[in-house]
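Each remark here refers to the structure printed beneath this line.
Note that the coordinates shown come from a computational prediction; the quantities given were computed from them, not determined experimentally. Sequential numbering from 1 along the given sequence is applied to the chain's residues.
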Amino acid sequence: MKVVIVGGVAGGASAAARIRRRDETAEIVMFEKTGYISYANCGLPYYIGGSIADEEDLTLQTPESFRQRFRVDVRVLHEVTVIHPEKKTVSVTDLRTGKQSEESYDKLLLSTGAKPTRPPLPGLDNDRVFTLRTVEDTLAIKAFIDRKKPRRAVVIGGGFIGLEMAENLRHNPLDVTLIEYADHLLAPLDADMAAAVHTEMKANGVHLLLKTAVTALEADKDGILVRTSADTIPTDMVLLCVGVTPDTALAAAAGLKLGIRNSIAVNAQMQTSAPDIYAVGDAVQVRHFVSGEDALVSLAGPANKQARIAADNICGHPASYDGAQGSSVIKVFDMTVATTGIKEEQAARLGLPYDKVVLSPMSHASYYPGGRVMTIKLLFRTDTQQILGAQILGYEGVDKRIDVLATAIRAGMKVTSLCELELSYAPPYSSAKDPVNMAGYIAENLLSGMVKQFHYEDLPALLQNKDVFLLDTRTPAEYAKGHVEGFVNIPLDELRERLQELPAGRPVYVMCQSGLRSYLACRILAGNGMDCYNFSGGYRFYDILRKGGALPTEAYPCGMNR
């Protein structure tokens, strides 16, 4: 059997290695149009920032080492230009010599990935405008910084690469402006959770422009002018990071069936509409594991899993891909941001019956030094208790918790089953009630009717409602440092003795710092026959939203003493 692989990065290299492990006699030819294979796309920004010092550390294998270990005919700087499904051949151009040839195959695997999206902006052809996708891109950016010594940079786009580049350019150090067309950074996050990311970026010196459109780029003396819908920004270099587009010109020209955004449509075996052609990675359309919708998931983990499954099927060992749930994690300066599953915006769009919990637990036991607060937002269906998704922000232990929740989603666990998870505990690492357990406890209380809650988006209407009572159960000192106007301060430990101060017959909406004391207050009030609601996430979450720009100040008045 002869297998030809187009693309030698995550999907292509993984598939080649798996095919060899499955079939020692197979002839494997891998074409890669760049000069590198099996390189770590996710590590490229960190070479520019200096965290990765050696260029060689970006590549996991060289063409020579891959050829030696797996006996794969690796041909870098070779571009496959045409697929001939009827003849089962591909046309190939040697980019060094221009020589053209034709290669036959029994099975063909496409791992063509995605290319940086280039919107129709005037001025993109300027040599001070960069994209980041390949090792060559990385080396070009690093060489420009080392040679030209720029002082300023503009990053266009607030996704993963945009944020990582903004951080690493700050480490050079450059004065960095990040421009994002949407109202918040990181599309996998809901706007409320992204607010903390905005604050972290600003705290580290990044000038953040949200809801801003770039209209043109213009050369200017030794720099470049970035024209936006609001202003003109002079800079020395521009990083274009507005997303990626599936690189599927080959597949389209070969008549293969395409999916959303012209991605390659594949079945669960990673097989295209041509029986002997398979495709994996950023170029393919997959099923979202949670929503069931068609999706594009441009992440290394899914690409490697798809490659393994495609390789098994190519070698005659049936395997299926069950879909991707988009589990991801990113470092944003000192903060860690992680997601899995779908976000609230998607749940609402799909019309799902859902609820959410927001909590702010410590990363480990509060009495052990060094613990940091994290923020968890967990979504679940109210009818089936299916966990829909989670978003976590924090400075320690975030990756551990998101992986537990991602596993729970994949295993089909109910949200109330999180209460039963027996997770490892020692004071330096966690608490006896792990944050994941706590999320389950809160969800269980909501589903059982033991507690009712309200959210920050409910505040504008409540602040205008004279038929409710708004209660803040923090200490007077906490209340004095900042509170939402209209909330009356009665500390939790004084509540039982001061119940007469609460008007009879009016629902009580309760707030504290994190949600715990207000929950305890709700149990006291409910035990005394009152109708009460707990504020999800606590005042701390409200303050994050206000500082991060997720709340319009006119809709959410607050008494902040600064």
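- In this pair, His198 and His184 present their aromatic rings tilted. The plane angle is within the 30 to 60° band.
- Contacts of Glu180 classified as salt bridge (Lys or Arg N to Asp or Glu O under 4.0 Å), with partners at least two apart in sequence or in another chain: none.
- Taking CG of Leu350 as the reference point, atom CG of Leu388 lies at 9.0 Å (rounded to 0.5 Å).
- Taking both residues in full, the closest heavy atoms of Glu396 and Met374 are given as O-CE, 3.3 Å, listed atom of the first, atom of the second, then distance.
- Contact check for His78 versus Glu103: no side-chain heavy atoms found under the 4.5 Å cut-off.
- Contact record, Leu240 with Pro119: CD2-CD, 4.1 Å, taken as the closest heavy-atom pair.
- The number of heavy atoms from other shown groups lying within 6.0 Å of CD (Glu102) is above 12.
- Considering only residues two or more places apart in sequence or on other chains, Arg410 meets the salt bridge (Lys or Arg N to Asp or Glu O under 4.0 Å) condition with none of them.
- Closest approach of Val284 to Met270, counting heavy atoms only: CG2-CE, 4.1 Å.
- By the side chain to side chain donor-acceptor pair (under 3.5 Å) test, Gln385 pairs with Thr416, sequence neighbours left out.
- A side-chain contact (heavy atoms from CB on, under 4.5 Å) with Tyr47 holds for exactly one of Asp54, Ile141, Thr138; it is Thr138.
- If you check the side chains of Glu79 and Thr93, you find no donor sitting under 3.5 Å from an acceptor.
- Between Arg133 and Asp247 there is no salt bridge, since none of the side-chain N atoms of the basic residue sits less than 4.0 Å from a carboxylate O of the acidic one.
- For the atom pair CG (Asp127) and CE (Met237), the distance works out to 11.0 Å, reported to the nearest 0.5 Å.
- Screening Val6, Val90, Ile264 for a side-chain contact (heavy atoms from CB on, under 4.5 Å) involving Leu250 leaves a single residue, Val6.
- Partners of Arg170 by side chain to side chain donor-acceptor pair (under 3.5 Å), not counting sequence neighbours: none found.
- A donor-acceptor contact under 3.5 angstrom links the side chains of Thr34 and Glu32, judged on distance only.
- Residues forming a salt bridge (Lys or Arg N to Asp or Glu O under 4.0 Å) with Glu136 (at least two apart in sequence, or on another chain): none.
- By the 6.0 Å contact criterion, CZ on Arg128 is enclosed, its count of non-hydrogen atoms from other residues, nucleotides or ligands being greater than 12.
- For Arg147, there are no salt bridge (Lys or Arg N to Asp or Glu O under 4.0 Å) partners two or more places apart in sequence or in a different chain.
- Residues Glu200 and Tyr395 have side chains that bring a donor and an acceptor to within less than 3.5 angstrom of each other.
- For Pro122, the side chain to side chain contact (heavy atoms under 4.5 Å, CB included) test picks out Ala216, with sequence neighbours left out.
- In Lys107, the NZ atom is crowded: over 12 heavy atoms of neighbouring residues, nucleotides or ligands sit closer than 6.0 Å.
- Among residues at least two apart or in separate chains, there is no ring pair (Phe, Tyr, Trp, His ring centres under 6.0 Å) pair with a member in residues 236-294.
- In this structure Phe66 satisfies the ring-ring contact (aromatic ring centres under 6.0 Å, His included) test together with Phe70, sequence neighbours excluded.
- Residue Arg69 places its CZ atom among 12 or fewer non-hydrogen atoms of other residues, nucleotides or ligands, all under 6.0 Å distant.
- For residues 8-17, the side chain to side chain donor-acceptor pair (under 3.5 Å) pairs, not counting sequence neighbours, are Ser14-Asn304.
- Scored by the side chain to side chain donor-acceptor pair (under 3.5 Å) test, Lys343 finds no partners at all (sequence neighbours excluded).
- Side-chain atoms of Thr117 and Thr245 include a donor-acceptor pair closer than 3.5 Å.
- We find that Asp190 and Lys356 are not joined by a salt bridge, their nearest charged nitrogen and carboxylate oxygen being 4.0 Å or further apart.
- Within 6.0 Å of atom NZ in Lys2, more than 12 heavy atoms from other residues, nucleotides or ligands are found, so the atom counts as buried in its surroundings.
- Summarising the local packing, CD of Glu56 is surrounded by 12 or fewer heavy atoms from other residues, nucleotides or ligands at distances under 6.0 Å.
- Here the side chains of Leu296 and Val244 are not in contact, with every heavy-atom distance at 4.5 Å or above.
- With sequence neighbours excluded, the residues forming a side chain to side chain donor-acceptor pair (under 3.5 Å) with Glu218 are Arg227, listed by chain and number.
- For the residue pair Asp175 / His207, a side-chain donor-acceptor distance below 3.5 Å is found, with atom types taken as modelled.
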